[in-house]
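Data first, discussion second: the structure below is written as structure tokens.
Lettering follows sequence order; numbering is per chain, from 1.
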2 protein chains.
Amino acid sequence: MVQHEVLDRAFAALADPTRRAVLVRLGEGPASLGDLAAPTGMTLTGMGKHVRVLEEAGLVRTTKVGRTRQVRLGTERLDDAMAWIAFYQRLWERRLDGLEAYLTLREGQDT
Amino acid sequence: MVQHEVLDRAFAALADPTRRAVLVRLGEGPASLGDLAAPTGMTLTGMGKHVRVLEEAGLVRTTKVGRTRQVRLGTERLDDAMAWIAFYQRLWERRLDGLEAYLTLREGQDT
DNA sequence: CATGTGCTGAACCACATGGTTCAGCACGAG
DNA sequence: CTCGTGCTGAACCATGTGGTTCAGCACATG
């Protein structure tokens, strides 16, 4: 099941609203760094850092086109992240079915 | 679609291998802080911080039982996190079907 | 009641993150 | 060739993170 570092980077990358916004934006098609920075009011350098984080997490791929850098989606890692959640979630679901029932029962009874 | 802060916390919480391990461990049933700290070789205080992060992210619920703190799963937020990924992933999939085809085509042709 | 154990809070540390400014490189257009 | 634009790198800053130690509170047990 997937290396830890991979998940670390992927989840960390997703933990920032600016970066999630970039991903959403990229869903509409590739964009240059400037395109991505403009709507946020952030500096190019700032956006550059975010994009690098996304790239190192494998959520995005970039290529230099002339003097602009094109950024586009690369969803493989997103699959990894979701796979992790999905796997354990399913595993837990069964547990919780029984557990929740047990707890609701207990909560009714004082201590 | 889910508040940003909620996702921030959930993803950030998942971005640490220690915390993911805690979640996995809790899948086997509730545990005390000490139970969780022991196998990691971490101090109680350290583990306490991790658990607090998980709790603030809504991934875990804790209750004080006597002088020990019982930690157990609370998967609602995990649903949120997965929902976000799943939503956009599906949205992107279509895009990428076309896009990837286009790109593979281009890659074959020199520049 | 006395004591040991489990947790909590405060203070501290090193390092990562999210952002800036400023200087400069490199490419495309005139 | 020259110039403006888009990006990049370095330096810097404030704040957050992941961990520690140490002091102390609170509960269960003898």
Legend entry - Separation between CG of A/Leu14 and CG of B/Leu14, rounded to the nearest 0.5 Å: 9.5 Å
Inset, instruction - Examine C/dG6: is either OP1 or OP2 under 4.0 Å from a nitrogen or oxygen in the side chain of B/Thr68? Give yes or no. - result: no
Legend entry - Any residue meeting side chain to side chain donor-acceptor pair (under 3.5 Å) with A/Thr18, in chain and number order, not counting sequence neighbours: A/Asp16
Legend entry - Within residues 34-41 of chain B, residues whose heavy atoms come under 4.0 Å of DNA chain D: none
Legend entry - Pair B/His50-B/Thr40, side chain to side chain contact (heavy atoms under 4.5 Å, CB included): steps then yes or no: CA-CA 12 Å; B/His50 281 298; B/Thr40 72; over 6 Å; no
Polar atom pairs between nucleotides 24-30 of chain D and protein, under 3.5 Å, N or O only, would you list them?
unit_1, atom_1, unit_2, atom_2, d
D/dC27, O2, B/Arg67, NH1, 3.0

Inset, instruction - Just compare C/dG18, C/dT8, D/dC7 and give me whichever is closest to any side-chain atom of B/Leu44. - result: C/dT8
Legend entry - Distance below 4.0 Å between B/Ser32 side-chain N/O and C/dC7 OP1 or OP2: yes
Inset, instruction - Return the angle between end axes of the helix from C/dC1-D/dG30 to C/dG30-D/dC1, with five pairs used per end and rounding to 10°. - result: 20°
Legend entry - Closest-nucleotide ordering on DNA chain C, the 5'-leading residue of A/Val53 and B/Leu33: B/Leu33
Inset, instruction - Begin from the C-alpha positions of A/Leu59 and A/Val53 and carry the test side chain to side chain contact (heavy atoms under 4.5 Å, CB included) through to its verdict. - result: CA-CA 9 Å; A/Leu59 297 175; A/Val53 171; over 6 Å; no
Legend entry - Non-neighbouring partners of B/Arg19 that pass salt bridge (Lys or Arg N to Asp or Glu O under 4.0 Å), sequence neighbours left out: none
Inset, instruction - Not counting sequence neighbours, list each pair that qualifies as a salt bridge (Lys or Arg N to Asp or Glu O under 4.0 Å) and has a residue in residues 37-55 of chain A. - result: none
Could you go over nucleotides 11-14 of chain D and give all protein N or O partners under 3.5 Å, atom names and distances?
none

Inset, instruction - Answer yes or no: does a side-chain N or O of B/Arg69 lie under 4.0 Å from OP1 or OP2 of C/dT8? - result: yes
Which donor-acceptor pairs under 3.5 Å do the side chains of residues 64-71 of chain A make with protein atoms, sequence neighbours left out?
unit_1, atom_1, unit_2, atom_2, d
A/Thr68, OG1, A/Val65, O, 3.2
A/Arg69, NH1, A/Thr62, OG1, 2.7

Inset, instruction - Please state how far atom CE in B/Met47 lies from atom P in D/dG18, giving the value in whole angstrom units. - result: 12 Å
Inset, instruction - Sequence neighbours left out, what passes side-chain contact (heavy atoms from CB on, under 4.5 Å) with B/Thr43? Give chain and number order. - result: B/Thr45
Legend entry - For B/Ala31, all residues meeting side-chain contact (heavy atoms from CB on, under 4.5 Å), sequence neighbours excluded: B/Arg25, B/Leu26, B/Asp35, B/Leu36
When the side chains of residues 5-13 of chain A are checked against the rest of the protein, which donor-acceptor pairs come out under 3.5 Å, sequence neighbours left out?
unit_1, atom_1, unit_2, atom_2, d
A/Glu5, OE1, A/Arg9, NH2, 3.2
A/Asp8, OD1, B/Arg20, NH1, 3.0
A/Asp8, OD1, B/Arg20, NH2, 2.8

Legend entry - A/Arg52 side chain near D/dT8 phosphate (N/O to OP1/OP2, under 4.0 Å): no
